Amino acid sequence: MATDIEMGQDGFFMQVYQVVRQIPEGRVCTYGAIAKYLGAPQSARMVGWAMNASHQMPDVPAHRVVNRQGLLTGQHHFPGHGLMQKMLEAEGIRVCDNKVQNMAEIMWDPQSA
DNA sequence: ATTCTGACGTGGG
DNA sequence: CCCCACGCCAGAA
């Protein structure tokens, strides 16, 4: 029934959540990488939109999802100020000025998983 | 119903 | 370097 989240494997959102959930600790992923992995490289926006609803999803480390530049674009959506960066740094991720420094090294690609 | 915006990415000027 | 437009889909006004 559609009263609740009936998005199973057919739901684009759900697919995004599952991918994000698989992001290992200390690693980050990009919206585009997820979108591309799902076969929608042009729908990176939807990935971000899905993340917006991710707060109803358990074990969805949205803080590990950054944009192509490695910028913590979703930082403003997190409770508290600078929480996202703090969480990333807590995992050993080097962040500076709201941007992941060694992003290329910690970049986790679902396709490679 | 229409219009705009949005946690993006790519391409063109 | 900066600015603009397109695509993609969903949600809010």
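Numbered from 1 within each chain, the chains take letters A, B, ... in sequence-line order. Heavy atoms only: backbone and side chains are in, while hydrogens, waters and symmetry mates are out. What you are looking at is a predicted structure, and each value in this text was computed from that prediction instead of being measured.
- At whole-Å resolution of the value, OH in A:Tyr31 and P in C:dA10 are 19 Å apart.
- Among residues at least two apart or in separate chains, side chain to side chain donor-acceptor pair (under 3.5 Å) pairs with a member in residues 92-103 of chain A are A:Gln75-A:Asn98.
- Here the shortest heavy-atom pairing between A:Met103 and A:Asn67 reads CE-O, 4.0 Å.
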Report all interatomic pairs (protein N or O, nucleotide N or O of nucleotides 2-6 of chain C) with separations under 3.5 Å.
none

**OP:** Dump the intermediate steps for side-chain contact (heavy atoms from CB on, under 4.5 Å) on A:Trp49 and A:Asn52, then the final yes or no.
**Re:** CA-CA 5 Å; A:Trp49 211 239; A:Asn52 192 7; 4.2 Å; yes
Please tabulate, one pair per line, all N/O donor-acceptor pairs under 3.5 Å involving side-chain atoms of residues 77-85 of chain A, not counting sequence neighbours.
none

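- Of the residues in residues 60-74 of chain A, those with a non-hydrogen atom less than 4.0 angstrom from any atom of DNA chain B are A:Ala62, A:Asn67, A:Arg68, A:Thr73, A:Gly74.
- With hydrophobic clusters built from ILVMFWY side chains whose heavy atoms lie under 4.5 angstrom apart, A:Met87 shares a cluster with A:Val66.
- With a cutoff of under 4.0 Å to any heavy atom of chain A, the contacted region of DNA chain B is bounded 5' to 3' by B:dG6 to B:dT10.
- A:Val65 is not connected to A:Val28 by any chain of hydrophobic side-chain contacts under 4.5 Å among Ile, Leu, Val, Met, Phe, Trp and Tyr, and they are in different clusters.
- A:Leu88 and A:Val19 fall into different hydrophobic clusters, where Ile, Leu, Val, Met, Phe, Trp and Tyr side chains are chained together by heavy-atom contacts under 4.5 Å.
- The distance between atom CZ of A:Phe12 and atom P of C:dG11, rounded to the nearest whole Å, is 13 Å.
- Side-chain heavy atoms closer than 4.5 Å link hydrophobic residues (I, L, V, M, F, W, Y) into clusters, and following such links, even through other members, never connects A:Val95 to A:Leu71.
- Counting only heavy atoms from C-beta outward, the side chains of A:Val20 and A:Pro61 approach each other to under 4.5 Å.
- Using atom C1' as the reference point in both B:dA7 and C:dC3, the two lie 22 Å apart (nearest Å).
- Going from atom CD of A:Gln15 over to atom P of C:dC9 covers 13 Å, rounded to whole Å.
- Checked by atom type and distance alone, the side chain of A:Tyr17 never pairs as donor or acceptor with a backbone atom of A:Pro58 at under 3.5 Å.
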Pairs of donor and acceptor atoms involving the side chains of residues 33-42 of chain A, under 3.5 Å and at least two apart or interchain, shall be tabulated with distances.
none

For residues 104-113 of chain A, run the donor-acceptor check on the side chains, cut-off 3.5 Å, and write out each pair with its distance to 0.1 Å, sequence neighbours left out.
residue, atom, partner, partner atom, Å
A:Asp109, OD1, A:Gln111, N, 2.9

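- By the 6.0 Å contact criterion, CZ on A:Arg27 is enclosed, its count of non-hydrogen atoms from other residues, nucleotides or ligands being greater than 12.
- With values rounded to the nearest 0.5 angstrom, A:Met51 atom CE is found 11.0 Å from A:Thr73 atom OG1.
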Subject >> Watson-Crick and G-U pairing of DNA chain B, under 3.5 Å, as dot-bracket with | and [ ] >> reply: .|||||.||||||
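- For residues 80-91 of chain A, every residue pair satisfying the salt bridge (charged side-chain N to carboxylate O under 4.0 Å, His left out) rule, not counting sequence neighbours, is listed here: A:Arg64-A:Glu91.
- Only at 4.0 angstrom or more do the heavy atoms of residues 83-113 of chain A sit from any atom of DNA chain B, so none qualifies.
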